[in-house]
Amino acid sequence: MCGIIGIVGRDEEDVVVDLINGLERLEYRGYDSCGVAVVTGGSILRARAVGRLQNLKAKLDDSGLSGCVGIGHTRWATHGKATENNAHPIMTRDVAVVHNGIIENHKELRFDLQNDGYIFETDTDTEVAALFLQREMDRGASHRDAFRRLLKNIDGSYAFGVLFNALPNAIVAARHRSPLAVGLGRMTCVGSDAASMSGMCDKIIYLEDGDQAEISTNGVSFFDKNFQHVERKVHKMSDNWADSDKGKYPHYMLKEMMEQPNAIRKTILHNQMDHHILDGVSRILILACGTSYHAGMVARYWFEKFLKIPTNVEMASEYRYRSPIIEDGVMAIIVTQSGETIDTLEAMEHVRRNGCSRVAAIANVKNSAISRSADFVFYTEAGIEVGVASTKAFTAQLTILAEMAFHQHEFLLRELQNIPTLCEEILLSHDRLKEIAENIQKANSVVFLGRGALYPIALEGALKLKEISYIHAEGFASGEMKHGPIALVDDSVPVVCLCPHDELFDKNVSNIQEALARGSNIIVLSDSSGSPLLPAEVTKIILPRVQSELAPILYPVPLQLLAYYVALLRGADVDKPRNLAKSVTVE
Ligand code: F6R
């Protein structure tokens, strides 16, 4: 949430175009508004715009803004509406600040600063940081002392990039519970992620919590949370951003759905399960949010059935507000695409503080905060996922979880190898889904039903539809319908039912009959053996036959496609749905 980039150029080179390129790669973190600032001729100049980056580009074309040291920001609004006035960089006379995170004590600080005569011009929490720095410097502090006083006085989370008028060759940065890294190469950069600096840097240094960095034409210095000089590990930056253009596809989401067979194949190839991984584990605790949480929910069915290990799945955003009891022998598995979701990261730390000594992560982004702090990591080999709605990362997460669950079940592992081909079959012939999307696009509400390990897939189908098409959708366990939700159903509410020909088929058909009796328009996803047994009134989508345990990896694919086509018909921005961001780094 919110993307930060800062660049110190070489040889008086203008950095504005590189700032924009960096922001383009950060736009997935927020796209409410954006801006850049440069220090030039002893003063700071900035340009900001509401909405997408092209609006800022248009302004920059007109303004001719240039400079060889600059910062940029793409915003996901937390405090203050998405207006140009609230867009970052936030400036005072002598500083410009970009910020990701939330300053929790901003009200108190605002009050103090106002009492000292400082006037606020925005509704943002970030402005307290800018005015705090200004006040400290007005009182005679050096930029470094002012910055340190600021860090000592704020509560909450932050990644900061700051320009000072008085330091025309430098950017000062710091992080606490929000990601930030320094990149070295053709340019010296600071950025929210590696991608933002790719093409400019070939080495990356991740700041630790509480670290500050001073980046200048003379090099980079790091300081820890006690303001002591430190060295931090330098990593080679893997430049795989090149894989991430849309290629022949109109949207990243479509491209990423199409990449699923390969993502699953690569994930299987790169993750041979060590048979000892679960030695001594008496309980598994899965922590995740959103789509990744749904992957965890599926895993509970698998783990309890095949590993015979009691498994809990917890929404990471709620978990740390409980007082969990962690017995000996608990292994936590953190599931995350980005590896930096703050709720998930906090839950991971909470579980450690409460005595869990074995923490594994399943992550897609290499070297992310969660993968760096786990005891061991399994990487989904899905490649960069740009579309805000997670697709290929989800099926790749399920693949790793399936490998864990089935590691002593040769037959299921062999069946898992067939999933990419079955997935290809769906992706290559899905015109029927486009027709069904025509009906769904007019609905105000859609219900998704599934039983057993397909119940979480019903939740995922509903999440995909609501997040990109803005149609209200809810997933239910089929058997729960009669306990309340069936009251929602009438002929205006399409019901999508996941109904492979498995041991729960007959029960699912009974639930379908109950909905039909209430006039529902029912769409059933089944297979060639289930389809002839379904009531004639339903609309059928026939999927390839799959070993029932593996259906949760295959059945999300048509649901993703359905959501995609509904969103297209409604004219929604599929890759950047309103109000969302790909990487959720605020609580
Ligand atoms: C939905 C989606 C989100 C994420 C959630 C967790 O399509 O992508 O629900 O799954 O924000 O993100 P990660 O997996 O990066 O921790």
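Scope of the values below: all heavy atoms of this structure, side chains included, with no hydrogens, waters or symmetry mates. Atoms within a ligand are numbered from 1 in the order they appear, just like the ligands themselves.
Applying the side chain to side chain donor-acceptor pair (under 3.5 Å) test to residues at least two apart or on different chains, the pairs with a partner in residues 458-470 are T291-E460, T291-K464, H294-E460, E460-K464, K464-E467. Applying the side chain to side chain donor-acceptor pair (under 3.5 Å) test to pairs two or more places apart or on separate chains, those with a residue in residues 396-405 are S292-Q397. Within the structure, salt bridge (charged side-chain N to carboxylate O under 4.0 Å, His left out) contacts touching residues 557-576 (residues at least two apart or in different chains) are E27-K576, R52-D573.
Around ligand 1, the residues contributing at least one heavy atom under 4.0 Å from the ligand are C289, G290, T291, S292, T336, Q337, S338, T341, V388, A389, S390, K464, E467, V584.
Ring geometry for H106 versus H79: interplanar angle over 60°, hence perpendicular rather than tilted (30 to 60°). H99 and H88 have parallel rings, their planes meeting at less than 30° on a 0 to 90° scale where 60° marks the start of perpendicular.
Tested against S390 for a side-chain hydrogen bond (donor to acceptor under 3.5 Å, both in side chains), the candidates Q337, E256, E385 yield a single pass: E385.
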